[in-house]
Amino acid sequence: MRLILTAILITNLSACSTMSNWFAGESAENGQSSASKSVSANGQVIEKEIVIIENREPRLESGESNNMSANEASVEFQKDYRQHLLTKMNGLANQQPAKNRHNKDINYYVRGLMQELVGNMKYVNSSTPIAVTSFVMLDGDFQQSDILGKQLSESFIHEVHKYGIPVIDFKTTDFVRVTPNGDFVFSKDYLELSGDLPIKYAVAGTLTKQQSGYLVNARIIGIESKAVVASAQGFLPSSVTNSLVSKSFNDGLPLTSSRED
C-alpha cells in the first residue's frame, strides 16, 4: 500500500488571483522523491519536492524457513505468554482493591516466583510437558515434605498451567476409585501410577527456615539432562506460612508448617 503525501504550495496569496501551470512530476518508486512545479503571479517558477512514502508489509522470502530452533521457540513463547499474563493481571488489579501485607496469601508469592522463572526460562515452551514436585527443606534428607512444600507445588501447578505450559499430574491414576468415603482419582501409591509419562521438565525447589519466614529456591530442571533451565528465589513471611494448618495435631493444638528447630 502506498501513501502519497501531496503538498500544494500557494505563494504570494495576496497578489495571486489564479493558479496556473500546476503539474506534478512522475512519482518515483520505492520511497524516492519526485519534483513538482508551480508558477507564481510574477512568473517565478517555484520547485517543490514531493516525497513518496512507501509502506509495504514484510514478506517471507521463499528461501526462508518457518522452522525455529527449540531456543527460539522458547523465547517467542516467553514473550507471548508474559505479555498475555501481565495484561490479564493488570486488568484484575484494576478491578480489585490492592492487598496489604497482612492479607496476601501464598498464591500471591508463588505468582511472583513464576514470573521470575519465566523471565529467565530457556527451552521450555507450549510443547514441552512439565511436572511439579513437592518442595523440600534444604537441611533435610529430601525424602519428606510438610504442608508448606506440598501447597507450593499445588500453587505452581496452577501458575504453570496459566502460562500455557502443559502440566502432567503424575499422581493421577488410570481409574476412578469409588468408596463410601468419596470418589478418587489421585493416589500416593506409586504402584497405582503410570511410570511412562512424557515429562520433559520438572518444577522443584527447596525451603530454608528463617526467623521471619521461609526462603524459597525454585527451579525448572530437565528430566534427562538434569540441567537447570530456569530459577527463582523469593521469601514467604511467617504471617503467610503460619496460616497453613496441618491435619496433624499435638496435644490438641494444630501443627503449622512453620515449626521451630
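Here, residue 1 is the first one in the sequence, and each next residue gets the next number. Hydrogens, waters and symmetry mates are skipped; everything else that's a heavy atom, side chains included, is used. Values in this document were obtained by computation on a predicted structure and should not be read as measured data.
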Query raised in the report: Do Phe184 and Val178 touch side chain to side chain, with heavy atoms closer than 4.5 Å?
Result: no
Query raised in the report: What's the spacing between Glu159 CD and Gln115 CD if we round to 0.5 Å?
Result: 8.0 Å
Query - Over all atoms of both residues, closest heavy-atom pair of Pro129 and Ile168 - result: CB-CD1, 3.5 Å
Query raised in the report: Looking only at heavy atoms, which two atoms of Gln233 and Asn217 are closest? And how far apart?
Result: NE2-OD1, 2.7 Å
Query raised in the report: Going by heavy atoms in the side chains, are Ser187 and Leu193 under 4.5 Å from each other?
Result: yes
Requested in this report: Carefully, step by step, assess Asp169 and Phe186 under the rule side-chain contact (heavy atoms from CB on, under 4.5 Å).
Outcome: CA-CA 9 Å; Asp169 195 336; Phe186 296 130; 3.4 Å; yes
**Report entry** Verify same cluster id: Val132, Ile223 (apolar side-chain graph, 4.5 Å)
**Finding:** no
Report task. For Ser155 and Gln151, run side chain to side chain donor-acceptor pair (under 3.5 Å): C-alpha distance rounded to whole Å, both residues' side-chain angles, the deciding distance at 0.1 Å, then the answer. Result -> CA-CA 6 Å; Ser155 297; Gln151 179 56 49; 3.1 Å; yes
Query raised in the report: Would you say Lys226 has more than 12 foreign heavy atoms packed within less than 6.0 Å of its NZ?
Result: yes
Query raised in the report: Heavy-atom distance under 4.5 Å between the side chains of Ile220 and Met121, does that happen here?
Result: yes
Query raised in the report: Shared ILVMFWY cluster between Val136 and Phe170, side chains joined below 4.5 angstrom?
Result: no
Query - Within-4.5 Å side-chain heavy-atom neighbours: Ile221 and Val229 - result: no
Query raised in the report: Do you know which two heavy atoms are closest between Ser145 and Lys150, and how far apart they sit?
Result: O-CE, 3.2 Å
Query raised in the report: Can Glu192 and Arg177 be counted as an ion pair, charged N to O under 4.0 angstrom?
Result: yes
Report summary line: Between Tyr109 and Asp105, the two heavy atoms sitting closest are CD1-O, 3.4 Å
Query raised in the report: Does Phe135 have its ring centroid less than 6.0 Å away from the ring centroid of Phe156?
Result: yes
Report summary line: Taken to the nearest 0.5 Å, the spacing of Gln144 CD from Ser134 OG works out to 12.0 Å
Requested in this report: For the residue pair Leu207 and Leu152, establish whether any side-chain heavy-atom pair is separated by less than 4.5 Å.
Outcome: yes
Query raised in the report: Which value, rounded to the nearest 0.5 Å, describes the distance between Ile147 atom CD1 and Thr241 atom OG1?
Result: 12.0 Å
Query - Polar side-chain atom of Thr128 near backbone of Lys200 as donor-acceptor pair, under 3.5 Å - result: no
Query raised in the report: With the 4.5 Å side-chain cut-off for hydrophobic clustering, are Ile199 and Ile157 part of the same group?
Result: no
Query - Side-chain heavy atoms of Val203 within contact of Ile130, under 4.5 Å - result: yes
Query raised in the report: Looking at Ile165 and Asn125, what are the two nearest heavy atoms and their distance?
Result: CG2-O, 4.0 Å
Query raised in the report: Are Arg111 and Met114 close enough that some pair of their side-chain heavy atoms sits under 4.5 Å apart?
Result: no
**Report entry** Residue pair Ser194 / Asp196, side-chain donor-acceptor N/O under 3.5 Å
**Finding:** no
Query - Distance, nearest 0.5 Å, that separates CG of Leu215 from OG1 of Thr206 - result: 7.5 Å
Query raised in the report: Given the rule that I, L, V, M, F, W and Y join up when any side-chain heavy atoms are under 4.5 Å apart, are Phe235 and Tyr108 in one cluster?
Result: no
Report task. Would you check if Ile106 and Leu148 make a side-chain contact, meaning some heavy-atom pair closer than 4.5 Å? Result -> yes
Report task. Count the heavy atoms belonging to other residues, nucleotides or ligands that lie under 6.0 Å from OH of Tyr190, then report whether that count exceeds 12. Result -> no
Requested in this report: Apply the test side-chain contact (heavy atoms from CB on, under 4.5 Å) to residues Ser231 and Asn120: give CA-CA distance (whole Å), side-chain angles for both, the deciding distance (0.1 Å), then the verdict.
Outcome: CA-CA 7 Å; Ser231 63; Asn120 63 79; 4.0 Å; yes
Query raised in the report: Of the non-hydrogen atoms in Thr133 and Ser153, which two are nearest, and what is the gap between them?
Result: O-CB, 3.1 Å
Query raised in the report: Is the charged tip of Lys209 near the ring of Tyr214: under 6.0 Å from the six-membered ring centre and within 45° of its axis?
Result: yes
Query raised in the report: Any donor-acceptor pair under 3.5 Å linking the side chain of Asp146 with the backbone of Gly149?
Result: yes
